[in-house]
Structures are given as C-alpha cells and as structure tokens.
Amino acid sequence: MRSLLHLGFLASHNGSNMQAIIDACREGRLRAQPAVVISNNSEAGALARARQEGIPTFHLSSRTHPGALDQVICQTLLDHQVQVVCLAGYMKRLGPQTLEAYRGRVLNIHPALLPRFGGEGFYGEAVHKAVLAAGEKESGPTVHLVDEDYDHGPVLAQARIPVLAGDTPQTLAARVLTQEHRLYAETLQRIVTGEMVLEGLVL
Ligand code: GAR
C-alpha cells in the first residue's frame, strides 16, 4: 500500500484549520500524516494542539533564527519528509529557499473568495468586515497554491455560502470557518487520490 502523504504545517495562531486536517487524518477521511508543525509564535494554540497530538513542533521566527529563518524552515520540512506544506493561519511570507524547494506544493487557506478580499492586512475580522462593507451576497473560503505574495497564486478550491441579512463580521467568520475546516481536508484528499494534480508532487 502507498505510504501516507506527509504534511507540514505553518501556523501563527489558533490552529483550528490544522486541527481539522489532523482530525480528518485520524478518522481516515484524509490519507495523510501530519509530520511537523512550525510556528513563528511560541504562544500559538497550533503548537499546543500539535504537542497534544504528539506531532513534532518547532518555534522558528526571525528572532530565533535571524538571517537564517528561510533555510531553517526549509530544512525542518525536509528533515520530516514533508511532501506538501499547509499554511494554516500563517501570518508570514515564506522565503525563496522554501518556496523553491516546495514550488507548487504549498497550500494556503483564506477566509474569502480570492482574488477579492485578500492580501497584506486581510486577516481575521478585517476580511469579513470588508466583505460586509462591500455588500457581497456570498462569501466563503479559498484554498490556493502559495507564491511570493500574500493570498496570491492559483486557486484550487472554493466554497460559497450566502451572506445573511444581519451578519456581523463574527457571525460570518464563524460560518466561513466551518467551511474552511471541511474544504481544506477535502482538497488535500483530492490531491491524495490524484483527482487534483500538484506539479512537482510525486505520489
Ligand atoms: C483562518 O480563518 C484562515 O483562513 C485565515 O486565518 C485563520 C486561521 O484560523 N488565514 C488568512 O487570513 C490568510 N490570509 P486557525 O488558526 O483557527 O486555523
């Protein structure tokens, strides 16, 4: 039987998307194995969650590794035989070495329908506030391939939900987050089955 797809995570905050993917792996909905979790934030919930799950964790930031962060992140992913990198609320740009080593194999999730409502500064409530201010009828998460820019790169999957009358940034965020958790794991499973092909990924 083919071995499980090795996933590496980078997360800065709560890590609920990472957790949803870990849960999908455990429950057999996703034929993959979480191999390592990296955070720039030593207090990140994502690190605590990963420790709880027995997954190796690393706190790597421009403070812990001045001038060498990109190289250390790349090496950490390689050391853990990571095949696909999942950004899960990671608030930093990846460096050129990591992007080159994992070109076409780094995924991100964003809580809006890209290419709109993304880019630097579009995180958390700011995204949903902008969606509501624009009077959008629909919103929903996007899973996309990562390149040098924030929230940029080819879209792999989106889910659409209606914006409801009376929605606040918080109520909209909560409904979108539920969709994020489903969409990220499902998209990864489509990659595992070969239904969705990532250039550079040898299965
Ligand atoms: C998620 O809503 C994710 O879409 C967003 O950060 C949140 C992380 O939540 N990412 C971005 O806004 C990327 N620009 P989590 O830590 O609970 O997974």
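Counting starts at 1 for both ligands and their atoms, following the listed order. These numbers come from the heavy atoms of this one structure, side chains and all, not from hydrogens, waters or symmetry mates.
- From the protein, the heavy atom lying nearest to atom 15 (P) of ligand 1 is S16 N, 3.4 Å.
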Q: For E180 and N17, run side chain to side chain donor-acceptor pair (under 3.5 Å): C-alpha distance rounded to whole Å, both residues' side-chain angles, the deciding distance at 0.1 Å, then the answer.
A: CA-CA 7 Å; E180 291 185 46; N17 274 287; 3.0 Å; yes
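- With ligand atoms numbered from 1 in the order given, ligand 1 contributes 6 (O), 7 (C), 11 (C), 12 (O) to contacts under 4.0 Å with heavy atoms of Y123.
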Q: Show your reasoning for whether side-chain contact (heavy atoms from CB on, under 4.5 Å) applies to V82 and Y102.
A: CA-CA 9 Å; V82 167; Y102 283 96; 3.7 Å; yes
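- A salt bridge does not link R105 with E199: every distance from a Lys NZ or Arg NE/NH1/NH2 to an Asp or Glu carboxylate oxygen is 4.0 Å or more.
- Closest to atom 2 (O) of ligand 1, if we only count protein heavy atoms, is E180 OE2, 2.9 Å.
- In the vicinity of D151, heavy-atom distances shorter than 4.0 Å reach the ligand 1 atoms 13 (C), 14 (N).
- Remark: ligand 1 atoms within the under-4.0 Å shell around heavy atoms of G89 are 6 (O), 8 (C).
- Looking only at heavy atoms of the protein, atom 9 (O) of ligand 1 is closest to N17 ND2, 4.0 Å.
- Salt bridge status for R103 with D147: absent, with no side-chain N to carboxylate O gap under 4.0 Å.
- E53 and Q19 are linked by a side-chain donor-acceptor pair at a separation below 3.5 angstrom, with hydrogens and angles left out of the test.
- Atom 10 (N) of ligand 1 has I109 O, 3.5 Å as its closest protein atom, hydrogens excluded (heavy atom only).
- Scanning all protein heavy atoms for the shortest distance to atom 5 (C) of ligand 1 gives P111 CD, 3.8 Å.
- At a 4.0 Å cut-off, not a single heavy atom of A11 sits close enough to ligand 1 to count as contact.
- How far CZ of F117 is from OG1 of T142: 11.0 Å, rounded to the nearest 0.5 Å.
- Panel note: side chain T98, backbone D70; a donor-acceptor pair is recorded below 3.5 Å.
- Between H80 and F58, the distance from one ring center to the other falls under 6.0 angstrom.
- The F122 neighbourhood of ligand 1 comprises atoms 12 (O), 14 (N), with distances under 4.0 Å to a heavy atom of that residue.
- Nearest non-hydrogen protein atom to atom 16 (O) of ligand 1 is G15 N, 2.7 Å.
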